[in-house]
Visitor: 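One structure follows; several queries about it will come next.
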Amino acid sequence: MEYNFEEIEKKWQKFWNDNKIYKTDIDISKPKFYVLDMFPYPSGSGLHVGHPLGYIASDIYSRYKRMKGFNVLHPMGFDAFGLPAEQFAIQTGQHPAITTKQNINRYRNQLDKMGFCYDWDREVQTSDPKYYLWTQWAFLNMFESFYNKSQESARPIRELIQHFEQFGTKGVNAAQTEELQFTADEWNSKSDKEKQEVLMNYRIAYLGITMVNWCPELGTVLANDEVINGLSERGGHPVEQKLMKQWCLRVSAYSQRLLDGLNTIEWTESLKESQRNWIGRSEGAEMVFDVLNSNSKIQVFTTRPDTIFGVTFMVLAPESDYVPLVTTPEQQKEVEKYIETVKHKTERDRMIEKKVTGVFTGSYAINPFNGTKIPIWISDYVLAGYGTGAIMAVPGHDSRDHAFAKHFNLPIIPLIEGCDVTNESFDAKEGIMINSGFLNGLSVTEAIQTANKYIEDNNLGHIKVNYRLRDAIFSRQRYWGEPFPVYYENEMPSPLPFAQLPLELPEVDKFLPTETGEPPLARAKKWNYMGFPLETSTMPGFAGSSAYFLRYQDPKNENALVSKEANDYWRNVDLYIGGTEHATGHLIYSRFWNKFLFDTGFSCEDEPFKKLINQGMIQGRSNFVYRINNDDNCRFVSYGLKENYDTTPLHVDVNIVENDILDIEAFKKWRPEFEKAEFILENGKYFCGYAVEKMGKRYHNVVNPDDVVKKYGADTLRLYEMFLGPLEASKPWDTAGIEGVHRFLKKTWRLFITSEGNLKITDEEPTPAELKILHRTIKKTEEDIERFSLNTAVSSFMICVNDLTELKCSKRKILEPLLIILAPFAPHICEELWFFLGRSHSVTTAQWVDFDPKYLIENIIQYPVSFNGKMRYKLEMPADATIEAIEQAVLENHQSQKWIENKEIKKIIVVPKKIINVVVSG
RNA sequence: GCCCGGAUGGUGGAAUGGUAGACACGCAGGACUUAAAAUCCUGUAGCCAUUGCGGCUGUGCGGGUUCAAGUCCCGCUCCGGGUACCA
C-alpha cells in the first residue's frame with residue numbers, strides 16, 4: 001500500500017477539527033507558552049507559497065512546545081480592514097464587508113489544508129464590531145489620558161485638570177504639543193471650550209493641526225511608515241505635505257521607553273536597530289541666538305555645539321514661525337516667492353531634485369559665543385517638524401550646510417586640525433579643534449562637553465534630547481476602517497459614552513468622498529449622536545492590529561478587552577513570527593499601544609512580544625522562454641542555444657515548467673498565439689531560463705500552496721518549506737528539491753508498511769546501533785527546533801530514516817519515538833502511522849520523548865591527529881580515556897611514524913572528543 | 001550618504017575556532033523491468049594519480065592572530081535589505 005497523503009490528510013484534519021484537539025483553555029497546572037503569527041490581511045489573490053513559511057515554523061514550534069508539556073496558545077485571525085477592499089468597493093459598488101468575508105473564507109480554506117494547530121475558537125477579525133469595540137475603547141482611554149513624564153506613565157486627564165485648578169501649569173511635567181503657561185486663576189476663568197482646547201495639548205489621543213502626508217489620489221492622509229520614497233505604500237501614488245486637523249496619538253511621549261524596552265526583548269539586532277533609527281534619539285543642545293536690531297530670538301537645536309565657532313549662517317525651515325519675524329521689508333517679496341514654490345513641491349519632487357535652493361531673509365543673528373554677525377537664510381533642507389525648525393549652519397563640518405554655502409558663496413571655516421574643507425565638509429566627530437576660541441586644542445568629544453557646559457553656565461540655552469519619532473497621525477479619510485467614537489458639540493470633540501460602543505460603520509450609497517471633499521462617512525444618513533455630528537474619518541490600518549494579541553487571550557469577553565485572569569495567565573507573546581516589513585509600523589505602534597494599556601492597568605506586561613523571529617521573504621522564481629525575433633513560424637529556442645539567435649525573453653507560467661524544462665504541450669495551450677509554436681530543443685528538451693523576482697501575477701511566477709498540497713500533500717509542503725533554507729533568509733521558491741522531501745516521507749511510510757499494505761512493525765528489542773540512531777536524532781531535533789534551525793532538523797530526519805532503512809529496522813521501540821519527534825513537522829502522516837501502531841490518542845498531543853545520553857556517547861572515539869595543523873592519521877581511543885593517556889598514545893605512535901622521527905614534539909594539544917594536535921619542530 | 005545583513009560545488013544549503021561541502025536537488029553509471037514509471041545501489045568541489053595506498057589546491061579579494069580560521073581581527077570588492085536633507 002502506497003502513501004496516500006490525500007486521504008490521510010483529509011482524515012486527520014477532520015479528526016482534529018471534530019475532536020477540537022487544539023482547543024486551548026487556561027490550565028494553571030501547566031506553564032503557558034504563547035506562539036503568535038502576524039495575522040494576514042486577506043487580499044483578493046489568496047495565499048501564495050511564501051505566506052505559510054512563518055506559519056509552518058510557528059506551527060512546528062507550537063506543536064513541539066505542547067508535546068514538551070506547555071499549555072500553548074496558538075491563535076489566528078484576520079487583519080480585515082484595509083485599502084484594497086475599499087478600492088474594489090469604489091470600482092464595483094460591492095460592499096467591502098462582502099469582499100472581505102469572501103477573502104477570509106478563501107484564506108481559511110487554504111490554511112486549513114496545511115494542517116495547522118490553531119485554536120480557531122479564538123479567531124479575531126478586526127472588522128468585526130465585537131472586536132473593534134475594543135479598538136474604539138482603547139482610543140477613548142487614550143483620549144482621557146495624558147502622559148506624566150515625572151511618573152513615566154499615562155495618567156487620567158482628570159489628574160491634570162485638578163492640577164490646573166490648583167496650580168496652573170506650574171510643576172506640570174507632561175508630554176505636550178507646545179509649551180503652555182498659565183496660572184490656576186487663568187485656568188479657572190477659561191470657558192469650557194477654551195479648557196478643552198488646552199487639554200488637547202496634553203491628551204494621548206488628540207486632535208491636532210499638523211503637517212500630514214496627503215495623498216490626493218487616495219484622498220486620505222498617511223502615516224510616515226505608509227509613505228515610501230515619497231510615494232504611498234499602497235498604490236505608489238505621490239504624496240504631498242499639507243497642514244490639516246487630524247486625530248493623532250502621542251507616540252512620541254513613549255520614545256524613551258520604546259527605546260529602552262528594546263534592551264529587554266529578544267529580537268534580532270537588525271530589527272532593534274531599525275527601531276532605534278526610527279525613534280532616532282539624539283542628544284544635543286538647544287541654543288538661543290539674538291537677532292540683530294530686533295527683539296526676536298531664534299532657538300536652534302544642534303548635536304555639535306563644539307562647532308559653534310564655525311557657524312557662518314543660519315537656516316530656517318520655510319514653514320517656520322520665525323520666518324515672518326525676521327524677514328525684512330526689502331526681502332519680503334523674494335521670501336514669499338520662495339515659500340510659494342516650496343509649497344507646491346511634493347515630497348517626491350524634493351527628493352528627486354536634490355537641488356540646493358534658498359533665500360536670504362535680510363536679517364542677521366548674533367553668535368552667542370563670539371558675537372559675530374551671521375546671515376539668516378530660509379531653505380527647504382531644514383525641516384519644520386524636527387528640533388526647532390531652525391539650525392545654525394556649520395559648512396565646514398556638515399555636508400548639507402557645505403552644499404548650501406558653496407551654492408550661495410558663504411564662508412566655510414575649518415575647525416579641525418589638518419582637514420581640508422574647501423571641496424567637502426568633514427562630518428566625522430573626531431580630531432582636535434582649531435579656530436574655536438576657548439575650545440582650541442580639545443578633542444571633539446571634550447569640546448562638545450565643554451561647549452555644553454558653557455551654554456548652560458551662561459544661560460545661552462540648555463541640553464536637550466530630541467527624537468525623530470513623530471506622533472502617529474490617526475485619521476484616514478476612508479470608509480473601510482474603525483469609526484471614531486467621537487461626536488462634535490460646539491465644534492469640540494466629545495467622547496461617546498462607553499455604553500454606546502461599538503459605534504458601527506454606517507451604510508453609505510458610495511464609498512467615495514462627498515462633493516465637498518468630506519470623507520465617505522459624511523454620506524451616511526444618520527451619522528450623529530443626539531443630534532450632534534459624529535466624526536467622519538476612520539482609524540488607520542494599524543489600529544486594529546495594535547492589541548489583537550491581547551484579544552486572543554479572551555476573545556469572547558464582552559466586558560473587557562481581556563479579563564484580568566486571562567491576561568495574568570497568558571501575559572505576553574513568547575514567540576512572534578512575521579516579516580520585517582512591519583519593523584517601523586505595526587511593531588512600533590503595538591508596542592506603544594501595549595505600553596499605554598500597561599500604564600492604565602489593562603495589560604500586565606510592558607513589552608508585548610518577548611521573542612521575535614523574522615521569516616525571510618519567499619521570492620518568485622520566474623521562467624523564461626526565448627522567442628526568435630522576426631520569425632514567421634513563431635519559434636522558441638532552448639536556453640542553451642539562445643546565443644545563436646536574436647531572441648526576446650518572455651515570462652512563462654512557472655506552473656507549466658518543471659526543473660526548468662518546459663511542458664511544450666501545456667505551453668501551446670497556455671496562450672492561443674502559441675498554439676502553432678515550434679521549438680528548437682536541446683537533447684529533446686526545451687530548457688527555460690530563470691530569474692529571481694518578487695512573487696507576483698505580472699511575472700507569472702505565483703505558486704499556489706493548494707497546487708503543491710494537491711500534488712505532494714501538506715506534510716511535504718511543510719517539510720519542504722522548512723528544508724528550503726534558514727527560516728530568516730530570503731530565498732526563491734524553487735520546486736526542484738521537493739521530490740527529495742516527498743521521497744523521504746514515502747521512505748518513512750515504507751519503514752512501517754509493506755508494499756502489500758501489511759504492518760512491518762516488530763516488537764524485537766533494538767540493537768545499540770539502532771538506539772544510537774534514534775537518540776542522536778532526538779537530540780538533534782530538539783536542539784534544532786530550539787534554535788529555529790528547522791532546515792537542519794529536516795535533514796536529520798532524512799539521515800535517520802536512511803540509516804534505519806539500511807538496517808532494515810522496523811522495530812516498534814525505535815519507530816514509535818520517531819513518530820513523536822516527527823509529528824510537529826509532518827503531523828498527518830505521523831497520526832496515520834501512529835494509528836496503525838494501535839495507539840488511540842493523537843500523536844500530536846503525545847508526550848515528547850527525551851533522549852538518553854547513554855546512547856549518544858561513542859565507546860571508541862576516533863581522534864584525527866594533526867601535525868602542525870595538517871591531518872596525518874586517526875587514533876582510536878576509549879571514550880573515557882584521560883588526556884594523559886591520549887598524550888602517551890601519541891608519543892608511542894610517534895616513534896612508529898618514520899616520516900616524523902627526526903622532529904621534536906613541542907606540544908600536544910588534545911581537544912576532548914575532537915582532535916589531537918601535535919606541534920613539532922621545523 | 002548612513003545603518004544592518006550576506007558571499008562556501010552545477011544548484012539550495014551544512015559546519016559550538018578542530019577531518020569544509022552534512023542533507024537534498026541535478027548529473028553520470030548500474031540493478032530490477034519487454035519497456036516506462038516507481039524503487040534501490042554506486043559515483044559526484046577542482047586538478048593530478050586512478051592496475052597502488054594517495055597527493056596538491058580550495059569557503060569573494062588582500063593582510064593578520066592561532067598549533068589549527070569558512071568561523072576571530074584589520075583593510076577592500078561585489079550583492080541584498082532598511083533608511084534618509086533628523087542638524
Side-chain angles (χ1 to χ4, degrees), chain A residues 2 225 228-230 268-274 276-278 280-282 284 300-304 307 315 317 350-351 354 356 379-383 385-394 397-401 403-404 427 466-470 580-581 583-584 614 616-617 619 621 659-660 690 692 720 723-726 728-741 743-744 746-747 750 755 783 787 789 791-799 802 805-806 862-874 906-920:
Chain A
E2 275 305 299
D225 68 281
I228 293 164
N229 289 332
T268 58
E269 246 345 278
S270 74
L271 188 61
K272 289 190 196 178
E273 205 52 36
S274 299
R276 287 190 189 110
N277 289 341
W278 191 258
R281 181 192 156 101
S282 62
V300 301
F301 175 75
T302 179
T303 54
R304 294 292 302 274
T307 59
V315 189
R350 270 197 191 189
M351 280 179 190
K354 284 228 157 160
V356 178
S379 174
D380 64 358
Y381 84 85
V382 175
L383 303 176
Y386 184 77
T388 60
I391 60 150
M392 57 177 227
V394 186
H397 301 277
D398 183 286
S399 52
R400 298 154 300 182
D401 298 346
F404 194 83
D427 293 14
N466 258 328
Y467 299 92
R468 200 185 80 111
L469 187 67
R470 297 272 78 91
T580 20
E581 65 272 20
T584 50
N614 290 120
M617 280 245 289
Q619 296 140 311
R621 191 178 186 279
N659 294 336
D660 290 339
Y690 75 89
V692 173
Y720 185 58
F723 185 70
L724 215 46
E728 310 207 45
S730 283
K731 56 237 157 188
W733 177 259
D734 182 355
T735 37
I738 200 164
E739 295 281 353
V741 172
R743 212 166 282 161
F744 155 73
K746 287 201 268 190
K747 271 187 194 173
R750 283 199 301 270
S755 50
E783 283 171 0
R787 65 191 176 107
S789 176
N791 54 333
T792 54
V794 175
S795 293
S796 74
F797 287 127
M798 289 180 176
I799 298 168
N802 282 345
T805 305
E806 199 171 318
Q862 282 200 338
Y863 283 91
V865 182
S866 89
F867 285 82
N868 286 357
K870 295 214 169 176
M871 239 284 283
R872 284 299 180 187
Y873 61 94
K874 284 178 186 169
K906 286 185 170 167
K907 207 167 29 165
I908 299 174
I909 299 156
V910 178
V911 181
K913 289 176 199 163
K914 289 263 169 159
I915 193 167
I916 301 165
N917 210 304
V918 184
V919 188
V920 297

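Worth saying up front: this structure is predicted, and the values here are computed from it rather than measured. Letters A, B, ... are given to chains in the order of the sequence lines, protein chains preceding strands, and every chain is numbered from 1.
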Visitor: Compare all side-chain heavy atoms of E806(A) with those of N802(A) and state whether any distance is below 4.5 angstrom.
Guide: no

Visitor: Just checking S282(A): base, sugar-phosphate only, or nothing, at a heavy-atom cut-off of under 4.0 Å?
Guide: sugar-phosphate

Visitor: Using 0.5 Å steps for rounding, measure from the CZ atom of R750(A) to the CD atom of E2(A).
Guide: 6.5 Å

Visitor: Less than 4.5 Å apart, any side-chain heavy atom of F744(A) and any of Y720(A)?
Guide: no

Visitor: Name the residue closer to the 5' end of RNA chain B, choosing between T303(A) and S274(A) according to the nucleotide with the nearest heavy atom.
Guide: S274(A)

Visitor: Round to the nearest Å and state the distance from D398(A) atom CG to C2(B) atom P.
Guide: 14 Å

Visitor: Rounding to an integer number of angstrom, what distance separates G46(B) and U11(B) when you compare their P atoms?
Guide: 12 Å

Visitor: Report yes if the side chains of D401(A) and M392(A) come closer than 4.5 Å at any heavy-atom pair, otherwise no.
Guide: no

Visitor: Reckon R281(A) touches a base, only the sugar-phosphate, or nothing at all at heavy-atom distances under 4.0 Å?
Guide: nothing

Visitor: Could you state the atom-to-atom distance from CZ of R400(A) to C1' of A87(B) in whole Å?
Guide: 5 Å

Visitor: What does the B/S/- profile of nucleotides 3-12 of chain B look like, 5' to 3', with a 4.0 Å heavy-atom cutoff to protein?
Guide: SS-------B

Visitor: Which whole number of Å gives the distance between the C1' atom of G70(B) and that of U16(B)?
Guide: 15 Å

Visitor: Write down the distance separating the C1' atoms in G55(B) and C61(B), rounded off to the nearest Å.
Guide: 27 Å

Visitor: With nearest nucleotides of RNA chain B determined for W278(A) and I799(A) from heavy-atom distances, which residue corresponds to the more 5′ nucleotide?
Guide: I799(A)

Visitor: Quick check: do R304(A) and D398(A) have side-chain heavy atoms less than 4.5 Å from each other?
Guide: no

Visitor: Do any N or O atoms from the side chain of D427(A) and from the backbone of S399(A) form a donor-acceptor pair under 3.5 angstrom?
Guide: yes

Visitor: Whole-Å distance between A20(B) P and I915(A) CD1?
Guide: 8 Å

Visitor: Taking the same atom, C1', in G54(B) and in G64(B), what whole-Å distance lies between them?
Guide: 33 Å

Visitor: Would you indicate what N802(A) reaches in the nucleic acid, counting non-hydrogen atoms under 4.0 angstrom: base, sugar-phosphate, or nothing?
Guide: sugar-phosphate

Visitor: Once you round it to whole Å, what is the distance between C1' of C23(B) and CE of M798(A)?
Guide: 7 Å

Visitor: Does the pair E269(A)/R276(A) count as a salt bridge with the N-to-O cut at 4.0 Å?
Guide: yes

Visitor: To the nearest Å, how far apart are R468(A) CZ and G82(B) C1'?
Guide: 11 Å

Visitor: Reading RNA chain B 5' to 3', what string of ( ), [ ], | and . shows its pairs, if Watson-Crick and G-U wobble pairs count only when both distances fall under 3.5 Å?
Guide: (((((((..(((.....[....)))((((((.......))))))((((.....))))..(((((..]....))))))))))))....

Visitor: Rounded to whole angstrom, note down the P distance from A38(B) over to G43(B).
Guide: 22 Å

Visitor: Write down the distance between CD (E728(A)) and P (G82(B)), rounded to a whole number of angstrom.
Guide: 16 Å

Visitor: What string of B, S and - do you get for nucleotides 28-40 of chain B 5' to 3' if you count protein non-hydrogen atoms under 4.0 Å?
Guide: ----------SSS

Visitor: Compare every heavy atom of K731(A) with every heavy atom of G725(A), then report the nearest pair and how far apart it is.
Guide: O-NZ, 3.8 Å

Visitor: Could you walk me through whether M798(A) and V741(A) satisfy the side chain to side chain contact (heavy atoms under 4.5 Å, CB included) test, starting with their C-alpha distance in whole Å, then the side-chain angles of each, then the deciding distance to 0.1 Å, before giving a yes or no?
Guide: CA-CA 8 Å; M798(A) 289 180 176; V741(A) 172; 3.8 Å; yes

Visitor: Search all heavy atoms of T584(A) against all heavy atoms of S274(A) and return the closest pair with its distance.
Guide: CG2-O, 4.1 Å

Visitor: Which nucleotide in the list U83(B), C86(B), A15(B) gets nearest to the side chain of R470(A)?
Guide: C86(B)

Visitor: If the cut-off is 4.0 Å, is Y386(A) near the phosphate of A87(B), judged by side-chain N/O to OP1 or OP2?
Guide: yes

Visitor: Need the glycosidic conformation of G9(B): syn if within 90° of 0, anti if not. Which one?
Guide: syn

Visitor: Work out how far the C1' atom of A45(B) is from that of G21(B), and round it to whole angstrom.
Guide: 7 Å

Visitor: Expressed in angstrom and rounded to an integer, what is the separation of D427(A) atom CG from C86(B) atom P?
Guide: 10 Å

Visitor: Expressed in whole Å, how much space separates the C1' atoms belonging to G9(B) and A15(B)?
Guide: 15 Å

Visitor: Which atom names give the shortest non-hydrogen contact between F301(A) and G387(A), and what distance separates them?
Guide: CB-CA, 4.2 Å

Visitor: Are any non-hydrogen side-chain atoms of T792(A) and E783(A) less than 4.5 angstrom apart?
Guide: no

Visitor: Tell me, do L724(A) and W733(A) make a side-chain contact under 4.5 Å, heavy atoms counted?
Guide: yes

Visitor: Assign N466(A) to base, sugar-phosphate, or nothing according to its heavy-atom contacts below 4.0 angstrom with the strands shown.
Guide: nothing

Visitor: I'd like the P distance from G1(B) over to C67(B), given in whole Å.
Guide: 40 Å

Visitor: So, for A393(A) and Y381(A), which heavy atoms are closest and what is the spacing to 0.1 Å?
Guide: CB-OH, 4.4 Å

Visitor: Between atom CE in M617(A) and atom P in G80(B), what is the gap in whole Å?
Guide: 13 Å

